[in-house]
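I have placed the structure first, in the form of structure tokens, so that the comments after it can refer back to it.
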Amino acid sequence: MKQVYICFSTDIIHNGHLSILKKAAALGEVTVGILTDEVVASYKHFPLIPLDERIAMFESLKYVSRVVVQETLDYTDVLEQLRPDIVVHGDDWLVGYQANIRAKVIATLKAWGGELVEFPYTHTPTEETLSNLDALLSLPESRRSRLRRLLGYKPCLSVCEAHNGITGLIVEKTTVDTPRGRKQFDAMWVSSLCDSTAKGKPDIELVDMTSRLSTLEEIMEVTTKPIILDGDTGGQIEHFIYNVQTLERMGVSAIIIEDKKGLKKNSLFGTDAGQMQDSIEGFCAKITAGKNAQKTRDFMIIARCESLILEQGLEDALARCHAYVKAGADGVMIHSKSKTPDEVYAFCDAFRQVDAKTPIIAVPTTYNSETEEQLSAHGINVVIHANHLIRSAFPAMQATARSILENGRSKEADALCMSIKDILTLLPNR
Ligand code: SPV
Ligand code: MG
């Protein structure tokens with residue numbers, strides 16, 4: 001009997017899947033490959049159904065003899081292991097980013113005389129309806145837990161700032177095809193700097209929580225990715241515990257609070273701003289109160305250490321972060337305004353000798369020569385690109401405003417703008 005291989009990433013099995021499986025079974029004994037959660041999340045969306053349940057779903061089908069895990073979008077490794085006679089696929093991968101994958105399948109199969117059999121891809125009404133299930137990803141229960149789940153299987157998450165609906169959509173939808181596969185952001189950072197700047201205000205906890213929550217609402221209405229809120233100092237403990245519960249209820253995945261007190265100013269001012277660090281005991285009490293207040297297991301409270309910003313040294317940063325983890329913090333963010341990554345790497349290397357698993361978060365605004373890959377090699381699990389959408393938008397908007405003033409008309413500014421047609425069709429009607 002011929003050996004047939006077919007790969008799936010779907011959360012739900014509908015008629016179209018059953019029909020192609022039936023055709024595959026008519027060709028021989030069918031092995032189904034299931035893409036891992038990580039691979040599905042990287043090229044499509046976060047899977048609603050986790051890998052082990054998707055495996056069980058396919059194992060129970062009469063057309064399927066066995067199920068294996070396919071660990072990359074590229075078929076080469078799995079095909080070389082299984083050496084099937086036939087690979088089955090719909091004919092929907094002739095163009096687009098999958099065309100390369102298809103070409104490699106054909107080349108790999110050649111080595112043992114295998115063939116690719118493609119069946120016409122049929123869009124069914126059921127499939128259309130089920131694709132709306134993506135909307136479930138934005139529900140609080142589903143969205144909230146996703147940051148923890150991503151941290152569970154991805155060594156390093158890439159996070160970008162969003163400060164309103166449109167920037168949320170940019171973080172949600174932007175994808176790039178790289179030689180190593182499709183890439184997209186894993187989560188959004190709702191920065192205090194960007195949220196304040198977008199409202200024309202300084203980053204001093206002047207934009208109050210009610211206003212921050214309305215920014216979150218605006219972003220959450222149009223996106224599905226997990227959200228990390230920059231919670232500044234977390235405020236008074238008595239207020240913090242209420243805010244934790246509100247954020248949880250909304251479906252925010254994590255809040256990061258920093259160990260400063262008094263009038264908070266942006267960290268990148270460093271020691272010039274005369275900022276005060278909280279005591280270890282004071283900040284630990286805030287973390288513990290927040291952890292005791294939260295109602296779900298999913299929500300994360302991440303402690304941000306300002307010792308390097310305030311030039312208190314590596315030992316102080318380490319002592320504080322270990323204490324914060326003991327007090328219940330689900331992760332530590334080590335911040336730095338240095339132009340090189342040296343002090344952050346020294347911190348990470350020393351921290352990891354004592355604590356192998358607590359997630360480390362970094363914000364490489366000043367040391368941005370480092371790639372996510374280099375940061376990850378030092379044990380950093382979340383890289384936040386904290387302010388880049390607003391910083392890139394501002395000069396673009398300013399140039400347009402100047403051009404209109406200088407020319408007394410907007411014709412010259414057309415070159416700086418997207419077309420009316422594009423802006424009108426940017427957002428699909430829902
Ligand atoms: C923010 O984005 O608001 C931050 C990071 O807190 S930083 O601006 O570097 O302090
Ligand atoms: Mg901030």
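Remember, it's 1-based here, ligands and their atoms both numbered in the order they're listed.
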Touching ligand 1 at all, [X]? Heavy atoms, strictly under 4.0 Å?
X      : result
Glu161 : no
Asn387 : no
Thr365 : no

Among all protein heavy atoms in this structure, tell me which lies nearest to [atom], with the distance rounded to 0.1 Å.
atom                   : result
atom 4 (C) of ligand 1 : Asp230 OD2, 3.4 Å
atom 8 (O) of ligand 1 : Asn266 ND2, 2.9 Å
atom 7 (S) of ligand 1 : His335 NE2, 3.5 Å

Could you pull out the atom name of the N/O/S atom in Asp230 that is nearest the Mg ion (ligand 2)?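 It is OD2 of Asp230.
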Please could you name the atoms of ligand 1 that Leu268 approaches to less than 4.0 Å, counting only its heavy atoms?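 Those atoms are 9 (O).
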Relative to the heavy atoms of Ala386, which atoms of ligand 1 are at a distance of less than 4.0 Å? 2 (O)
Selected option - heavy-atom contact closest to atom 6 (O) of ligand 1, from Glu258, Arg304, His385: Arg304
Just going by heavy-atom distances, which of Gly231, Ser267, Ser191, Ser336 is nearest to atom 2 (O) of ligand 1?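 Nearest option to atom 2 (O) of ligand 1, by heavy atoms: Ser191.
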Parallel, tilted or perpendicular, judged at 30° and 60°: which one describes the rings of [X] and [Y]?
X      : Y      : answer
Phe351 : His322 : parallel
Tyr75  : Tyr5   : perpendicular
His385 : His388 : perpendicular

Distance-only N or O hit between ligand 1 and Leu193, under 3.5 Å: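 Yes - when backbone and side-chain N and O of Leu193 are compared with those of ligand 1, one distance drops under 3.5 Å.
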Any ion pair linking [Y] and [X] (charged N to carboxylate O, less than 4.0 Å)?
X      : Y      : value
Asp74  : Lys104 : yes
Arg212 : Asp232 : yes
Glu311 : Lys337 : yes

Taking the side chain as every heavy atom from C-beta outward, state whether Val105 and Thr108 have any pair of such atoms under 4.5 Å apart.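 No, too far: nothing below the 4.5 Å cut-off.
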Assess whether side chain to side chain donor-acceptor pair (under 3.5 Å) is satisfied between Asp259 and Gln277, documenting all intermediate values. CA-CA 6 Å; Asp259 56 1; Gln277 213 168 1; 3.1 Å; yes
Is there a donor-acceptor contact under 3.5 Å linking the side chains of Arg320 and Tyr324? yes
Under 2.8 Å from the Mg ion (ligand 2), can any N, O or S atom of Ser191 be found?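 Ser191 does not place any N, O or S atom closer than 2.8 Å to the Mg ion (ligand 2).
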